[in-house]
Protein chains: 2
Amino acid sequence: MIDKPAGSTSPKAQHIASEVRRRIVEHEWRQGERIPDEADLAIEFDAARATVNKALQLLAGEGLLDRRRRAGTRVAIDPVRKATFTISIVREQVEQAGMAYSHRVFAQRKSPIPDDIAARVGLPPGEVLVHMRAVHYGDGLPFQLEDRWLNPRAAPELEKADFWQLNANEWLVRNAPYLRAELAFSAENANRRDARLLRTQLGQALLIMHRTTWNDLGPITTVRVAFQPGHFVGTEKTTAGGD
Amino acid sequence: MIDKPAGSTSPKAQHIASEVRRRIVEHEWRQGERIPDEADLAIEFDAARATVNKALQLLAGEGLLDRRRRAGTRVAIDPVRKATFTISIVREQVEQAGMAYSHRVFAQRKSPIPDDIAARVGLPPGEVLVHMRAVHYGDGLPFQLEDRWLNPRAAPELEKADFWQLNANEWLVRNAPYLRAELAFSAENANRRDARLLRTQLGQALLIMHRTTWNDLGPITTVRVAFQPGHFVGTEKTTAGGD
DNA sequence: GATATCCTTATGTATAAACATTACGAGTGG
DNA sequence: CCACTCGTAATGTTTATACATAAGGATATC
């Protein structure tokens, strides 16, 4: 999955899934075509129907199969293309690259949210949240710049945390699990502040990541991360599909 | 939930998963803490252990739980943050936005691959592949520019396809399912060609997506997609996690 | 005290059986 | 010919049971 979206799979079910995948990739079973039903496959693979079911559900989750009750299972006309990103903690990313991690907070204060942020997180415009800006470094060089809004109403313990010292990213990961998240990428030319904090040039193309998370009390945080020029964000594995 | 990586889940298992998720989000069960074992939860929820197992495996897949044989299940110290992107067919994206789709191929010819591409796909440098460049339009305005390399050795039928007419993206989706894929985002300042084909200015920040796919015969295709300035690529749903 | 060994426990996987649910498609009646 | 009904086939979900496997912890050994 991009890896396997779901957890680990069992040997036998796994084997069945691989074999079905192979038949699809090698055009033994073509797109749109109906494949044998669970009972038949169970006989062929000498397994219980439940095991075949597990394998086929896995493949359906990957988007390779379309399954409908009574109608049967068929190879997806256009395999859904899914990719799973794992967003690591910044410090881990930096240290994994063999660099020394450090970070610095450049601003932190309560402030009414601008309209675009309000719209993104679903709060009334002008609501007062904690606003902060910080830069994460690898071996002293800017790695990423984050511009973050925090909502104390969704995470009360947040009031007590000292983000001049603590890393907001890590604090949130450890103390404020979320129920829903949105993630988006875009590109922007570095503005004056971006350029200064990332120590690059005005106009330099920057990869921007926007992330917002919610729990049952409302939005927890929304952040705009600007990566150092040339940075790639990618997947390691991807589920099967088309293209 | 994220699209829940895996397909749909069952009512009862689903309910158990939601309840466990709630207990974690509301700090009833804290990070690192061990939760009751499957047998106990089965009694509490009046379900079979297999059902509890299904629910917990789902949550483990989301990264909210860490499970180990004999050691039991505990709330993940730092919930893995995963986001699933669904890469749609360009035409669908454009049409879904209510625009008229069209595309134009600007170049197509066999050519030896440059070293960086060779390294990315794992082929010897200088190998000859099909190289093509095309622009996809929405209502006549450039939507995205793709620079693609195709490997006939991994998809033989490819030789017969006429990509001056056909949309390579769609042809591949329908005819060349893959087993593995890599996806990465970055940002680049538009070069002269990007600017001309996307009808924008030199230096404009562009969101770049790189995608490479493989089947059992080797790399099928690798493509660099440059999006129209201001374009966002994002997720709709994301699995639970931290931050 | 350090190390090796075994027992026990919690999860991992598979199976058979049963019932729920959906919707295809045939049959019925107008 | 159309609309409606209903039987039935395929998947969806749960359950009970059984055995496999990993690893924590106690015990035994040196």
Side-chain angles (χ1 to χ4, degrees), chain A residues 1 3-21 23-24 29 32-77 80, chain B residues 1 3-21 23-24 29 32-77 80:
Chain A
M1 336 180 190
D3 207 4
K4 139 193 31 163
S8 49
T9 320
S10 3
K12 202 155 181 176
Q14 184 70 270
H15 172 256
I16 295 172
S18 302
E19 175 58 16
V20 171
R21 228 187 318 255
R23 291 183 189 177
I24 293 172
W29 288 340
E33 194 172 296
R34 176 141 175 220
I35 75 173
D37 65 38
E38 296 185 348
D40 291 344
L41 290 175
I43 295 169
E44 181 190 337
F45 290 107
D46 185 35
R49 186 171 76 90
T51 306
V52 173
N53 182 278
K54 192 173 177 182
L56 297 188
Q57 289 211 9
L58 175 68
L59 296 176
E62 289 181 5
L64 218 47
L65 296 178
D66 276 340
R67 324 189 68 210
R68 274 164 56 219
R69 286 179 146 136
R70 160 77 212 208
T73 299
R74 46 189 70 232
V75 180
I77 308 271
V80 175
Chain B
M1 21 181 92
D3 138 125
K4 176 179 339 166
S8 50
T9 321
S10 1
K12 203 156 183 176
Q14 183 69 270
H15 172 256
I16 296 173
S18 301
E19 175 60 16
V20 171
R21 226 185 324 252
R23 291 182 188 177
I24 294 172
W29 288 339
E33 195 170 295
R34 176 141 172 219
I35 76 172
D37 64 38
E38 295 185 348
D40 290 345
L41 289 175
I43 294 169
E44 181 191 337
F45 289 107
D46 185 36
R49 186 172 77 89
T51 307
V52 173
N53 182 276
K54 192 174 177 183
L56 297 188
Q57 290 212 9
L58 176 68
L59 297 177
E62 288 180 4
L64 264 193
L65 297 177
D66 275 341
R67 324 190 67 209
R68 273 162 57 217
R69 286 177 146 136
R70 159 76 213 209
T73 300
R74 44 190 71 231
V75 181
I77 308 271
V80 175

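A, B, ... follow the sequence lines: proteins, then strands. Residue 1 opens every chain.
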To the nearest 0.5 Å, tell me how far [X] [atom1] sits from [Y] [atom2].
X        : Y        : atom1 : atom2 : value
Phe45(A) : Lys12(A) : CZ    : NZ    : 10.5 Å
Ile24(A) : Glu33(A) : CD1   : CD    : 10.0 Å
Arg70(B) : Asp37(B) : CZ    : CG    : 11.0 Å
Leu64(A) : Leu59(A) : CG    : CG    : 6.0 Å
Ile16(A) : Leu41(A) : CD1   : CG    : 7.5 Å

With sequence neighbours excluded, tell me which residues meet side chain to side chain donor-acceptor pair (under 3.5 Å) with Asp66(B).
none
Counterpart residues, side chain to side chain donor-acceptor pair (under 3.5 Å), relative to Thr51(B) (two or more places apart)
none
Should [X] be listed as having a side-chain N or O under 4.0 Å from OP1 or OP2 of [N]?
X        : N       : result
Lys54(B) : dG12(C) : no
Thr51(B) : dT15(D) : yes
Thr73(A) : dA10(D) : no
Lys12(A) : dT15(C) : yes

Nearest nucleotide by nearest heavy atom, which residue falls closer to the 5' end of DNA chain C, Asp46(A) or Ala71(A)?
Asp46(A)
Sort out for me which residue in Lys54(B), Arg49(B), Arg69(B) forms a salt bridge (charged side-chain N to carboxylate O under 4.0 Å, His left out) with Glu38(B).
Arg49(B)
For [X] and [N], give me the distance from atom [atom1] to atom [atom2], rounded to whole Å.
X        : N       : atom1 : atom2 : value
Phe45(A) : dT13(C) : CZ    : P     : 18 Å
Arg49(A) : dC19(C) : CZ    : P     : 14 Å
Leu65(B) : dT11(C) : CG    : C1'   : 13 Å
Gln57(B) : dA14(C) : CD    : P     : 11 Å
His15(B) : dT14(D) : NE2   : C1'   : 15 Å
Arg69(B) : dG24(D) : CZ    : P     : 13 Å
Ile43(A) : dA16(C) : CD1   : C1'   : 14 Å
Asn53(B) : dA18(D) : CG    : P     : 18 Å

The salt bridge (charged side-chain N to carboxylate O under 4.0 Å, His left out) partners of Arg74(B) (sequence neighbours excluded) come to none
Please identify each residue that fulfils salt bridge (charged side-chain N to carboxylate O under 4.0 Å, His left out) with Glu19(B), with sequence neighbours left out.
Arg22(B), Arg23(B)
For Asp66(B), which contact category applies under a 4.0 Å heavy-atom criterion: base, sugar-phosphate, or nothing?
nothing
Using a cut-off of 4.0 Å on non-hydrogen atoms, how would the nucleic acid contact of Arg68(B) be classed: base, sugar-phosphate, or nothing?
sugar-phosphate
Need to verify one output field. Residue with the more 5' nearest nucleotide on DNA chain D, Ala50(A) or Gly72(A)?
Gly72(A)
Can you pull every protein N or O that's under 3.5 Å from an N or O on nucleotides 5-7 of chain D?
none

Scan residues 32-42 of chain A against DNA chain C and write down, sorted by residue number, each residue with any heavy atom closer than 4.0 Å; if none is found, say none.
none
